[in-house]
Amino acid sequence: MQWEHGAHRGAADAANQAPPRAGIDEFSANAALVDGVRRFGASWASGELAAVGRLVGSEQFVENARLANVHPPLLHALDRYGGRRDEVEYHPAYHHVLAAAVAHGADTAAWADPRPGAHVARAAAFMLFAQVEPGHACPVSMTHAAVPALSRQPDVARLWLPASTATATSPASSRPPASRERSWGWR
């Protein structure tokens, strides 16, 4: 087919493009990840990781990831009267992606349930989510990284650790990811 000015070639016509990636168990399809989870003591998490793999490989999750990326965060620095607001508005799809990652322990599961292989399992879950939608990886990884620092100060730990290891992120819950308080509406 010759290219003509103004002509549009659909993705189905493009021989050099990968097909859409959806309907896949991203964990089970990744032999190196499956082997690493087994070798480094997290075989007990393989069932949950396969569930995460199916979730992040689903058409709905892939679509949420796409929407989260085509709708960048919107900064509301000021309210309509010129007062400081400093809130960031995220597309609902971003919240779905982030909530799924937290619900599956990609942030603090290793701290909430410490056992052999816990950090391997958490890292594998984190990788599965981040490979499909990398924009949420910062708040998820920062929440994971904050736990040891919080643990060093008992008065702060009593206040923040229970919330940091919870698995809910909806605005109705008691906890946002560590670096996201303002964007979830907490003050």
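Nothing fancy with the numbering, it's 1 onward along the sequence. Quick note: numbers below take in every heavy atom, side chains included, and nothing from hydrogens, waters or symmetry partners. Quantities reported herein were computed from a predicted structural model and do not represent experimental measurements.
- Interatomic distance, NE2 of His136 versus NE2 of His96, reported as 14.0 Å (0.5 Å rounding).
- Residues Ala157 and Ser151 approach most closely at CB-CA, 4.2 Å, considering heavy atoms.
- Leu49 and Ala121 get closest at one heavy-atom pair: CD2-O, 3.8 Å.
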Could you pull out all donor-acceptor pairs under 3.5 Å where a side-chain atom in residues 23-33 meets a protein atom, sequence neighbours excluded?
from: Asp25; atom 1: OD1; to: Phe27; atom 2: N; distance (Å): 3.0
from: Asp25; atom 1: OD1; to: Ser28; atom 2: N; distance (Å): 3.0
from: Asp25; atom 1: OD2; to: Ser28; atom 2: OG; distance (Å): 2.6
from: Glu26; atom 1: OE1; to: Arg21; atom 2: NE; distance (Å): 3.4
from: Glu26; atom 1: OE1; to: Arg21; atom 2: NH2; distance (Å): 2.9
from: Glu26; atom 1: OE2; to: Arg21; atom 2: NE; distance (Å): 2.8
from: Asn30; atom 1: OD1; to: Ala32; atom 2: N; distance (Å): 3.3
from: Asn30; atom 1: OD1; to: Leu33; atom 2: N; distance (Å): 3.0

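- Applying the side chain to side chain contact (heavy atoms under 4.5 Å, CB included) criterion to Arg152, with sequence neighbours excluded, gives no partner residue.
- Taking each heavy atom of Gly135 and Pro139 in turn, the nearest pair found is O-CD, 4.1 Å.
- Hydrophobic clustering places Leu55 together with Val34 (ILVMFWY residues linked when any side-chain heavy atoms are closer than 4.5 Å, directly or through intermediates).
- Within the structure, every pair that satisfies the ring pair (Phe, Tyr, Trp, His ring centres under 6.0 Å) test and touches residues 38-69, not counting sequence neighbours, is listed here: Phe61-Phe129.
- To the nearest 0.5 angstrom, His119 atom NE2 is 5.5 Å from His144 atom NE2.
- Within the structure, side-chain hydrogen bond (donor to acceptor under 3.5 Å, both in side chains) contacts touching residues 46-55 (residues at least two apart or in different chains) are Glu48-His104.
- The backbone N or O of Leu78 lies less than 3.5 Å from no partner atom in the side chain of Arg84, so there is not a single donor-acceptor pair.
- Residues passing the side chain to side chain contact (heavy atoms under 4.5 Å, CB included) test with Ser43 are Arg38, sequence neighbours excluded.
- Residue Gly105 comes nearest to Arg122 through the heavy atom pair O-CG, 3.2 Å, listed as atom of the first residue, atom of the second, then distance.
- Here the CG-NE2 distance, from Asn69 to His91, works out to 11.5 Å after rounding to the nearest 0.5 Å.
- Neither Phe126 nor Leu128 shares a network with the other; the hydrophobic side chains, linked directly or stepwise wherever heavy atoms of I, L, V, M, F, W or Y lie under 4.5 Å apart, form separate groups for each.
- When each of Asn64, Val97, Val56 is checked for a side-chain contact (heavy atoms from CB on, under 4.5 Å) with Val132, only Val56 meets the rule.
- Partners of Asp113 by salt bridge (Lys or Arg N to Asp or Glu O under 4.0 Å), not counting sequence neighbours, listed by chain and number: Arg115.
- A donor-acceptor contact shorter than 3.5 Å is absent between the side chain of Gln153 and the backbone of Asp155.
- Rounded to the nearest 0.5 angstrom, Arg85 CZ and Arg80 CZ are separated by 11.0 Å.
- Between the CH2 atom of Trp111 and the OG atom of Ser164 there is a distance of 12.0 Å, given to the nearest 0.5 Å.
- Applying the 6.0 Å contact sphere to CD of Glu59 captures no more than 12 heavy atoms from other residues, nucleotides or ligands.
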